[in-house]
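Before I ask anything, let me first share the structure, which is written out below as structure tokens.
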Amino acid sequence: MKKDIPGTLKRADRFPVILIGEGVLVGIVAGIVVLIYRIALEYAGRWLQIILEFAERSPLYIAGWFAILALMAVAVSGLVKYESMISGSGIPQLKGEMIGRIDQKWYRIILAKFAGGFLCMFGGLALGREGPSIQIGAMAGKGISKWLDRGKTEEKFLLTCGASAGLAAAFHAPLAGVLFSMEEIHKNFSAAVLLSVTTASLTADCLCTLVLGEASVFQFEIIHELPISYYWMVVLLGVLLGVLGAFYNWFTLKVQELYNRFRHLGTTGRIMIPFMCAGVLGFTAPELLGSGHSLIEFLTNTDVALGAVLFILAGRFVFSAVSFGSGAPGGIFFPLLVLGGFIGGVFATSGVEYFGLNPIYINNFVLLAMAGYFSAIVRAPLTGIVLIFEMTGNLNHMLSLSIVSIVAYIVASLLKSKPIYESLLDRLLARQTAGRCDDPQNNIREKILANFVIAHGSQPDGRSIRDVEWPDNCLLVSVQRGENELIPKGKTKLQAGDVIVIMMDERDTAYVYEKMGKLCEM
């Protein structure tokens with residue numbers, strides 16, 4: 001495929017049609033890989049429970065399990081040394097690749113992330129499958145791009161398709177997969193991207209449904225819709241979640257800093273810590289281990305005392321941060337939903353005891369808190385709202401979900417808490433030099449097209465093209481306004497909602513993305 005200027009522009013005209021077919025292909029491949037990964041993690045969780053029950057019979061068996069945990073920690077650290085990009089959730093790495101600052105080796109990521117995630121789940125670390133699933137899905141998309149010999153412009157579309165398919169397969173949530181990949185990964189809702197991403201997400205979800213069935217991820221009963229008279233509690237819960245979400249982001253980053261202070265431990269020493277903690281918890285508080293899926297089922301189907309809910313919440317909060325801060329491959333997406341659910345449980349149980357809340361509404365607040373906590377931490381409220389109703393199969397709480405998510409979002413923003421994945425990306429890029437624009441190895445002459453949406457109140461809004469301070473090393477190719485495509489001229493007046501198409505050299509991608517992002521935002 002020709003990757004020069006004429007070839008790139010000619011192919012871009014056919015993107016809406018081409019990408020639908022490629023979206024199906026990415027959805028199939030990414031869906032199969034993530035489906036296998038999801039099944040493997042489920043077996044890892046089951047085997048862990050069997051081993052813990054068996055090891056309790058003898059101190060010798062307990063010592064043997066700790067030895068196995070140490071070996072698993074060594075193996076995981078070896079995988080991280082082999083491919084450093086598998087550390088953590090994988091979402092910051094993907095975001096870095098989308099802006100041209102990171103270039104991941106797709107086949108190494110898939111193999112190492114799969115193995116590392118399995119070992120971490122088998123060891124009992126409090127990590128989730130969603131971030132790894134998104135990264136693995138995206139790398140499947142990148143592999144297809146390489147196999148089909150696509151250009152960098154098209155590769156970014158396929159990365160987004162793979163990320164969407166990964167989340168859809170991990171959570172049986174195709175709409176959330178689409179929204180998350182658009183809100184967090186691609187940062188663009190153009191028609192070409194939306195169609196291809198939706199196709200990939202639905203394809204992956206169909207594959208998982210055929211194998212695993214149609215049941216939603218969380219199975220708990222919501223007896224009655226929350227009355228309007230309780231909405232003051234929804235607003236109060238949103239404020240609380242905004243504050244606690246900001247604290248979660250701060251605490252997570254602080255734990256990472258604490259690990260970094262003990263550099264003499266090395267990668268193996270840092271990863272050994274959560275594995276040993278998991279060993280201790282396995283024989284003292286096994287409910288704190290793993291992703292926490294069973295905890296939500298327990299919370300919503302059992303009459304749990306307030307003290308027990310507080311204990312699990314505090315224990316999961318600390319152990320999740322210890323597990324993630326070590327750099328072990330695994331996500332925080334699912335664990336933070338569990339934490340949010342328990343915050344809602346504490347809030348509602350307190351409401352029953354002190355404010356006369358009817359106990360039948362406890363599960364309502366568990367559901368609301370999951371969405372609000374996600375919105376406060378990740379700062380993607382649309383994804384949070386859609387994800388929760390897809391994961392629970394309940395469509396009757398859109399108003400209350402929207403209120404709690406928006407309030408939590410606003411409070412976290414007022415506290416100047418940066419979205420967690422943005423903070424993690426900044427830290428990752430601070431340690432990386434391979435993606436710099438002046439790196440001679442990245443001095444490739446391939447051309448890349450990128451779309452940017454002009455926001456209300458941004459610098460270009462209402463101004464002529466010639467009056468805008470555009471970044472160096474890029475060319476304004478076209479202006480898309482609704483169904484019309486305008487040829488950019490100096491006197492062309494831009495307006496909010498316009499999609500401007502920029503062409504740049506691959507080596508300048510990071511610089512142009514950074515400048516255009518600031519230029520087009522409010």
Side-chain angles (χ1 to χ4, degrees), residues 41-70 72-73 76 117-129 218 220 244 247-248 251-252 255 258-259 270-326 328 330-350 362 366 369-370 373:
L41 294 191
E42 289 179 358
Y43 274 105
R46 294 176 191 171
W47 294 343
L48 174 62
Q49 296 302 318
I50 294 172
I51 289 174
L52 290 177
E53 291 175 4
F54 177 78
E56 287 179 340
R57 301 176 183 177
S58 167
L60 183 61
Y61 295 159
I62 293 176
W65 177 239
F66 272 92
I68 294 173
L69 286 173
M72 284 195 288
V76 171
F118 174 82
L119 290 174
C120 288
M121 182 61 68
F122 189 30
L125 274 63
L127 298 170
R129 66 179 181 236
F218 290 126
F220 61 89
L244 293 179
F247 178 73
Y248 176 93
F251 188 77
T252 300
V255 171
L258 184 61
Y259 270 107
R270 290 197 297 271
I271 293 179
M272 187 71 69
I273 293 174
F275 272 92
M276 292 299 101
C277 290
V280 174
L281 292 174
F283 301 105
T284 56
E287 62 273 11
L288 301 181
L289 299 180
S291 64
H293 179 273
S294 60
L295 288 177
I296 293 296
E297 305 286 345
F298 169 73
L299 176 65
T300 55
N301 293 291
T302 309
D303 186 11
V304 189
L306 179 58
V309 178
L310 284 170
F311 169 76
I312 294 175
L313 174 59
R316 284 289 305 185
F317 183 86
V318 174
F319 186 46
S320 177
V322 170
S323 298
F324 185 77
S326 69
I332 55 174
F333 203 129
F334 198 96
L336 71 85
L337 291 178
V338 174
L339 290 174
F342 270 79
I343 292 172
V346 171
F347 181 87
T349 304
S350 301
I362 290 179
V366 170
M370 292 168 71
Y373 201 53

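Along the sequence shown, residues are numbered consecutively beginning with 1.
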>> For Phe251, give me all partners under ring pair (Phe, Tyr, Trp, His ring centres under 6.0 Å), at least two apart in sequence or on another chain.
In response: Phe247, Phe317
>> Measuring from atom CG of Leu288 to atom OG of Ser323, what distance do you get when rounded to the nearest 0.5 angstrom?
In response: 10.5 Å
> Above 12 or not: heavy atoms from other molecules or residues under 6.0 Å from CZ of Phe283?
Replying inline: yes
> Which heavy-atom pair separates Gly45 from Met121 by the least distance, and what is that distance?
Replying inline: N-CG, 4.2 Å
> What is the distance from atom CD1 of Ile343 to atom CG of Leu244, rounded to the nearest 0.5 Å?
Replying inline: 4.5 Å
> Looking only at heavy atoms, what is the nearest atom pair of Phe118 and Leu41, with distance?
Replying inline: CA-CD2, 3.6 Å
> Checking Arg316 side chain against Ser291 main chain: does a donor-acceptor pair fall under 3.5 Å?
Replying inline: yes
> What salt bridge (Lys or Arg N to Asp or Glu O under 4.0 Å) pairs are there with at least one residue in residues 45-56, not counting sequence neighbours?
Replying inline: none
> Stepwise, does the side-chain contact (heavy atoms from CB on, under 4.5 Å) test hold for Leu48 with Trp65?
Replying inline: CA-CA 10 Å; Leu48 174 62; Trp65 177 239; 3.5 Å; yes
> Just how far is it from atom CZ of Phe334 to atom CE of Met370, taken to the nearest 0.5 Å?
Replying inline: 7.0 Å
> Do you know the tightest heavy-atom contact between Cys277 and Phe319?
Replying inline: CB-CE1, 3.9 Å
> Going by heavy atoms in the side chains, are Leu127 and Phe324 under 4.5 Å from each other?
Replying inline: yes
> So, does Tyr259 use its side chain to make a donor-acceptor pair with the main chain of Val322 at under 3.5 Å?
Replying inline: yes
> Do you know which two heavy atoms are closest between Ser320 and Pro335, and how far apart they sit?
Replying inline: OG-CB, 3.8 Å
> From Phe342 CZ over to Thr349 OG1, what is the distance, rounded to the nearest 0.5 angstrom?
Replying inline: 10.0 Å
>> Can you give me the closest heavy-atom contact between Ser326 and Pro274, atom names plus distance?
In response: OG-CG, 3.5 Å
> Taking C-beta and beyond as the side chain, do Phe122 and Ile51 meet within less than 4.5 Å on heavy atoms?
Replying inline: yes
>> Nearest 0.5 angstrom please: Leu295 CG to Leu289 CG, how far?
In response: 9.5 Å
>> With rounding to the nearest 0.5 angstrom, report the CG to CG distance, Leu69 to Leu119.
In response: 10.5 Å
